[in-house]
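Quick one: structure below, then a few questions.
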Amino acid sequence: MRFRNINIPPIPAVLLAIISVQSGAAIAKTLFPSIGAAGTASLRIGISALILMAVYRPKLTKLTKEQWKFVIPYGLCLGAMNLVFYFAIERIPIGLAVTLEFIGPLMVAILGSKRAVDFLWVLLAAAGIVLIAPWTTNGVDILGAALATLAGAFWAAYIVLGGKISQKMDGNEAVATGMLLAACLVVPFGIFGGGLEGLTPKFLGMGIALALLSSAIPFTLEMKALGRLPARTFSILMSLEPAVAAICAFIFLQEYLSFNEILAVVFVVAASAGSTITSRR
């Protein structure tokens, strides 16, 4: 498991991270009936922290005050983003949750855009959100939608903080330290919520797979990419998230796509492809 020696170009790294994390989200939802959203999040984040700490072995005692200043909020945003998102998909479909969550990084893209062509990709991604968002309350859990939107705010903060911390310290050490802090925030919810009381070897094994798919692998890939891509380009690339989420939900959970959802997928894929083609080196 020598992740540190893997050198993947930033754009493929982001795409692999998206596929990995959305596959993990679909698998995670199958655990909710047994250990709950908080228990699943605790299992995932806790094991991820152990894996990353063992692989990268960050020297916590040697971190400077300035590094702690950025890595602490980065880690807390990382934990809050995942915990709140799990609470959201406990109530609403994954494709809808990811689409609403994407409002966060979309705002980062809008605020960071400077060229006219960038607004075209932002508008395409926004059109996808318009098509899939719950404009009526029919069949939609309002609290779930609100939680997904809140997760998007944490996601936006994660993008901005990740870009800054990657300039202040080694990316591998940053993601390991951040995951440790995320675990300190999330695991108590699983313990005091009773989700971890029914933990079995089977669930533990699934937790390890989930930790690799949803945290250890994608966040490491994202950290590497954030150090080489501007936050704006990274955010627009993440417009693939709703499409991949809907596809993974269909494969693992048999959640079918409506016509509007298929059209939304086309828009967000076009936005991501356009951003990739026109992004500066």
Side-chain angles (χ1 to χ4, degrees), residues 1-28 41 44-45 47-49 51-52 55-56 74-75 77-79 81-82 85-86 89 94-95 97-99 101-102 104-106 108-109 125 151-152 154-166 170-179 182 208-249 251-252 265 268-269 271-273 275-276 279:
M1 296 178 59
R2 290 187 173 275
F3 297 154
R4 69 178 73 218
N5 295 328
I6 298 177
N7 186 19
I8 301 176
I11 290 176
V14 174
L15 298 179
L16 286 174
I18 291 170
I19 294 172
S20 181
V21 76
Q22 293 307 326
S23 297
I27 294 172
R44 166 192 162 186
I45 298 298
I47 295 176
S48 297
I51 292 174
L52 291 174
V55 172
Y56 297 127
Y74 165 76
C77 281
L78 180 60
M81 173 181 68
N82 286 278
F85 177 74
Y86 272 26
I89 64 173
I94 292 177
V98 174
T99 302
E101 186 190 27
F102 181 68
L106 179 61
V108 175
F154 286 122
W155 191 2
Y158 161 75
I159 291 172
V160 175
L161 291 169
K164 291 181 178 179
I165 194 63
S166 65
D170 176 74
N172 295 330
E173 289 192 354
V175 75
T177 306
M179 192 63 70
I208 293 173
L210 186 60
L212 290 171
L213 281 174
S214 296
S215 296
I217 293 174
F219 289 135
T220 299
L221 291 172
E222 287 179 5
M223 178 55 69
K224 289 179 178 293
L226 280 167
R228 301 164 65 184
L229 286 177
R232 170 185 52 81
T233 302
F234 179 86
S235 297
I236 302 176
L237 277 172
M238 298 302 283
S239 63
L240 269 176
E241 289 275 6
V244 177
I247 293 171
C248 290
I251 294 173
F252 294 104
V265 167
V268 295
V269 168
S272 181
S275 172
T276 303
S279 63

Is S166 reaching over with its side chain to a backbone N or O of G163, donor-acceptor style, under 3.5 angstrom? yes

Output for pair (I208 CD1, I51 CD1), nearest 0.5 Å, gives 7.0 Å

If I take atom CD1 from residue I165 and atom CG from residue D170, how far apart are they, to the nearest 0.5 angstrom? 10.5 Å

Nearest heavy-atom approach of C248 to Q22 is CB-O, 3.7 Å

Just verifying a value: how many Å separate I19 CD1 and I247 CD1, rounded to the nearest 0.5 Å? 9.0 Å

Does the side chain of E241 come within less than 4.5 Å of V21's, by heavy atoms? yes

Measure the spacing between CD1 of I27 and CD1 of I251 and express it to the nearest 0.5 Å. 10.5 Å

Working to the nearest 0.5 angstrom, can you tell me the gap between C77 SG and Y158 OH? 11.0 Å

Evaluate the side-chain proximity of F154 to N82: yes if any heavy-atom separation is below 4.5 Å, no if none is. no

Please confirm whether the backbone N or O of I217 pairs with a side-chain atom of S20, one donor and one acceptor, at under 3.5 Å? no

What verdict does the side chain to side chain contact (heavy atoms under 4.5 Å, CB included) test give for L213 and R44, after you've listed the backbone C-alpha separation in whole Å, the side-chain angles of each residue and the deciding distance to 0.1 Å? CA-CA 9 Å; L213 281 174; R44 166 192 162 186; over 6 Å; no

Any donor-acceptor pair under 3.5 Å from S48 side chain to A211 backbone: yes

If every non-hydrogen atom of S214 is compared with every non-hydrogen atom of Y86, which pair is closest and at what distance? OG-OH, 4.3 Å

How close do Y74 and L161 get, counting heavy atoms only, and between which atoms? N-CD1, 3.7 Å

Contact summary for W155 and M81, nearest pair of heavy atoms: CA-SD, 3.5 Å

When rounded to the nearest 0.5 angstrom, what distance separates NZ in K164 from CD1 in I159? 13.0 Å

Do the side chains of V14 and L221 get nearer than 4.5 Å, heavy atoms only? no

Do you know the tightest heavy-atom contact between V98 and F85? CG2-CZ, 3.6 Å

Shortest non-hydrogen contact from P242 toward T99: CB-OG1, 3.3 Å

